[in-house]
Amino acid sequence: MNQIVQKKRIAEGINLFEIEAPLIAKKRKPGQFVIIRIDETGERIPLTIANADKEKGTITIIVQVVGKTTEHLGTLNSGDSILDVVGPLGQPTHIERFGTVIAVGGGVGHAVCYPIARGMKDAGNYLISIIGARTKNLIILENETNAFSDELYITTDDGSYGRKGFVTDQLKEILDSGKKVDLVLASGPAIMMKFVCLMTKEYGIKTIVSLNSIMVDGTGMCGVCRVEVGGKTKFACVDGPEFDGHEVNYDLLLKRLATYKEEEKLAYDKFMLKTKDK
Ligand SMILES: Cc1cc2nc3c(=O)[nH]c(=O)nc-3n(C[C@H](O)[C@H](O)[C@H](O)COP(=O)(O)OP(=O)(O)OC[C@H]3O[C@@H](n4cnc5c(N)ncnc54)[C@H](O)[C@@H]3O)c2cc1C
Ligand code: FES
């Protein structure tokens, strides 16, 4: 059992949880994730370790409500417990001094980008952060990211905050300015990562993406997280979740992400009905 020591709503439908997990807090590195199961009948879902406090023995996860399990998690509060938290899982990010690094986070994908961007800054890189979301209420970790970024840009699709448009509009402006960029990191909806990579390929800039494929065991056993990278099948949970963004088959990823849409809707409706009845 892992106790929730803090819960905070940080944006519309997005909660931050600080959870007791001393061993994970001690071992985790940027880029890694946990798989949680709320209770005996719960499904297992992967969530990035956004932060950790070794002294307190806690990890922080940031979760957007998108379906049954994330909705259920959102009903928990400080003092409640999560049945299992397994991790740290996945390969840590390869961090070194590349030069200038642009970290692009779309929506809750910025929770995935955040620890990696911070790791890149700590390694001595010049860090440019771009945070994008559909609208102002969905922007997360702005102040926290500003605290360690050399430059920070915000974009919203509807123009309610920052620059009106997509993260790719801001990225293009920076790339066109002639600034030498050594690495781009991207995490967010698969479609966003696809378009970031199409752009950076044109400019010949190495790009790393963190893939959000569906996962079950997170240890390379079930094969659910299969992705195609450079024409080869990889398991995002053990080979990734980060890959060379120019090699990923995004169309296949998008197709696989939608595989269980019907079942996911049914599970969500059933959960909401049960909650209403209580
Ligand atoms: C390595 C990794 C790190 C992630 N980190 C975060 C994070 O920090 N914050 C965050 O909010 N989300 C994160 N996600 C996505 C998160 O796991 C899904 O949003 C969650 O599983 C949805 O579950 P649900 O039951 O609420 O929704 P559902 O209705 O079951 O699913 C909604 C959508 O979420 C995806 N999904 C569903 N089940 C899974 C699963 N078992 N594994 C992965 N994706 C699934 C599918 O695209 C699905 O269409 C991460 C995913 C991966 C692979
Ligand atoms: S989640 Fe089962 S093999 Fe990756």
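Order of appearance sets the numbers: ligands from 1, and atoms from 1 within every ligand. Here the structure is a predicted model, which means the values were calculated and not measured.
Between Ile45 and ligand 1, no pair of N/O atoms sits closer than 3.5 Å.
With hydrogens left out, the protein atom closest to atom 15 (C) of ligand 1 is Pro46 O, 4.1 Å, a heavy atom. For atom 36 (N) of ligand 1, the nearest non-hydrogen atom of the protein is Ile214 CG1, 4.0 Å. Counting only heavy atoms of the protein, atom 27 (O) of ligand 1 lies nearest to Gly67 CA, 3.3 Å. Ranking the protein heavy atoms by distance from atom 37 (C) of ligand 1 puts Glu264 OE2, 3.7 Å first.
The closest approach between a heavy atom of Lys261 and any atom of ligand 1 is below 4.0 Å. Within the 4.0 Å heavy-atom shell around ligand 1 one finds Glu43. Ligand 1 has no atom lying under 4.0 Å from any heavy atom of His72.
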With a 3.5 Å cut-off and sequence neighbours excluded, list the donor-acceptor pairs that the side chains of residues 221-239 form with protein atoms.
{"residue": "Arg226", "atom": "NH1", "partner": "Gly223", "partner atom": "O", "Å": "2.8"}
{"residue": "Glu228", "atom": "OE2", "partner": "Asn249", "partner atom": "ND2", "Å": "3.4"}
{"residue": "Asp239", "atom": "OD2", "partner": "Phe235", "partner atom": "N", "Å": "2.8"}

Could you walk me through whether Ser160 and Asp158 pass side-chain hydrogen bond (donor to acceptor under 3.5 Å, both in side chains), step by step?
-> CA-CA 6 Å; Ser160 52; Asp158 63 2; 2.6 Å; yes
Take Phe195 and Tyr250, measure what ring-ring contact (aromatic ring centres under 6.0 Å, His included) needs, and give me the verdict at the end.
-> CA-CA 10 Å; Phe195 281 101; Tyr250 293 97; 9.2 Å; no
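For atom 2 (Fe) of ligand 2, protein N, O or S atoms under 2.8 Å: 2 in total.
Neither the backbone nor the side chain of Ala236 has a heavy atom within less than 4.0 Å of ligand 1.
Salt bridge annotation for Asp251-Lys255: absent, with no cationic side-chain nitrogen under 4.0 angstrom from a carboxylate oxygen.
Protein non-hydrogen atoms do reach within 4.0 Å of atom 43 (C) of ligand 1.
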